Amino acid sequence: MNSNVVSQPPSLRVGIRRATVGDAAALAEFGARTFFETFAKDNTAQDMRQHLESAWRPELQRAEILDAAVDTLLACDADGGLAGFAQLRAGHAPACIPTVAAVELLRFYVDKPWQGRGVAHQLMQAVETRARARGACELWLGVWERNERAQAFYSKQGFRKVGTQIFVVGSDPQTDHVMLRDL
Ligand SMILES: CC(C)(COP(=O)(O)OP(=O)(O)OC[C@H]1O[C@@H](n2cnc3c(N)ncnc32)[C@H](O)[C@@H]1OP(=O)(O)O)[C@@H](O)C(=O)NCCC(=O)NCCS
């Protein structure tokens, strides 16, 4: 047997459904935890604390779920536990997005044990279906310039860099790559 062959974990399937207000608390916990796990090592404790308090609270996620401009899709395991989620948001676009028919992929998070196992791809397919149902012809997103794993994933999914924008974490103005793809 060739010892250079690294065995890949098997792909996993999840169920994907729209979030309801009953999911708000679990979504707030999941979003804050995943953000912390992904970005705490590259940010100060104070910036992290400020950001988590400003972005992740059950009442905020409840409002997002009820917002007609936002679609919240949950990827759930066989027991109903959250493996990931995605949010689409209509009506926002920076100047480098040339068309009004583009919808924003506002958030896209997969939990650590599910990363690298096809769940992100499955969730992206559901995002595309939902974005097309909204009448969008393009999908755009912002991804931190230092988040190389996410950039690699988005490139695999057909996104290309079209510009930059600033995303403030606590008191730190960070540069995001703006990426765009056709639907
Ligand atoms: C971004 C995310 C959704 C991607 O899902 P995933 O299951 O990890 O994606 P995949 O494993 O299919 O693809 C990631 C690619 O990055 C590569 N990669 C892994 N670690 C990497 C690293 N440290 N630097 C650069 N590339 C990396 C992988 O090898 C893979 O490419 P390959 O399939 O060609 O080997 C997921 O990692 C995630 O939720 N991360 C935490 C939250 C986050 O960053 N969300 C995005 C915010 S914009």
Side-chain angles (χ1 to χ4, degrees), residues 4-17 19 23 26-43 47-48 51-52 54-56 60-61 64 70-77 81-90 92-94 96-97 102-131 138-170 172-181:
N4 291 325
V5 175
V6 179
S7 67
Q8 296 286 334
S11 288
L12 296 170
R13 296 294 292 175
V14 286
I16 298 189
R17 65 174 175 85
D23 298 306
L27 188 57
E29 185 281 328
F30 183 95
R33 180 171 54 76
T34 310
F35 191 94
F36 186 87
E37 287 172 0
T38 309
F39 302 114
K41 64 182 187 315
D42 295 313
N43 287 278
D47 283 340
M48 282 304 286
H51 176 79
L52 295 179
S54 69
W56 300 106
L60 296 177
Q61 275 60 64
E64 290 165 2
V70 176
D71 288 307
T72 303
L73 302 176
L74 306 183
C76 300
D77 65 19
L82 264 184
F85 81 96
Q87 286 180 311
L88 286 167
R89 179 171 64 169
H92 292 253
C96 58
I97 300 297
V103 72
E104 179 185 11
L105 181 52
L106 174 66
R107 290 176 175 138
F108 193 87
Y109 291 11
V110 170
D111 204 359
K112 254 193 177 6
W114 300 84
Q115 290 174 12
R117 309 190 73 178
V119 170
H121 178 66
Q122 204 188 325
L123 187 57
M124 188 62 83
Q125 287 179 319
V127 161
E128 290 164 21
T129 302
R130 186 59 209 144
E138 293 172 314
L139 200 54
W140 75 272
L141 58 85
V143 54
W144 192 21
E145 61 180 348
R146 292 173 64 180
N147 190 350
E148 291 176 4
R149 181 171 190 138
Q151 288 171 38
F153 171 74
Y154 294 137
S155 295
K156 273 196 306 186
Q157 297 291 320
F159 286 87
R160 64 191 188 281
K161 185 184 171 197
V162 294
T164 60
Q165 67 178 5
I166 298 300
F167 181 79
V168 180
V169 175
D172 183 20
Q174 304 183 344
T175 301
D176 277 5
H177 293 184
V178 174
M179 301 183 82
L180 178 70
R181 58 156 289 188

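In each ligand, atom 1 is the first atom listed, and ligand 1 is the first ligand listed. Just so you know, residue 1 is the first one in the sequence shown, and it goes up from there. Keep in mind that this is a model prediction, so the values were computed, not measured.
- A 4.5 Å side-chain heavy-atom check between Arg33 and Lys112 finds every atom pair outside the cut-off.
- Below 30°, between 30° and 60°, or above 60°: for Tyr109 and Trp56 the angle between ring planes is between 30° and 60°, a tilted geometry.
- In this structure the side chain of His121 reaches within 4.5 angstrom of the side chain of Gln157, judged on heavy atoms.
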Go through the steps to decide whether Lys161 and Glu145 satisfy the test salt bridge (Lys or Arg N to Asp or Glu O under 4.0 Å), and finish with yes or no. CA-CA 11 Å; Lys161 185 184 171 197; Glu145 61 180 348; over 6 Å; no
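- Residues Phe85 and Gly31 come closest through the heavy atom pair CE2-CA, 4.2 Å.
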Can you list every pair where an N/O of ligand 1 is under 3.5 Å from an N/O on the protein?
| residue | atom | partner | partner atom | Å |
| --- | --- | --- | --- | --- |
| ligand 1 | 7 (O) | Gly116 | N | 2.7 |
| ligand 1 | 8 (O) | Arg149 | NE | 2.7 |
| ligand 1 | 8 (O) | Arg149 | NH2 | 3.0 |
| ligand 1 | 11 (O) | Arg149 | NH2 | 3.0 |
| ligand 1 | 12 (O) | Lys156 | NZ | 2.9 |
| ligand 1 | 13 (O) | Lys156 | NZ | 3.0 |
| ligand 1 | 33 (O) | Lys156 | NZ | 2.6 |
| ligand 1 | 39 (O) | Val110 | N | 2.7 |
| ligand 1 | 39 (O) | Val110 | O | 3.2 |
| ligand 1 | 40 (N) | Gln115 | NE2 | 3.4 |
| ligand 1 | 44 (O) | Asn147 | ND2 | 2.8 |
| ligand 1 | 45 (N) | Phe108 | O | 2.9 |

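- The two residues Leu52 and Ala32 have their closest heavy-atom pair at CD2-O, 3.8 Å.
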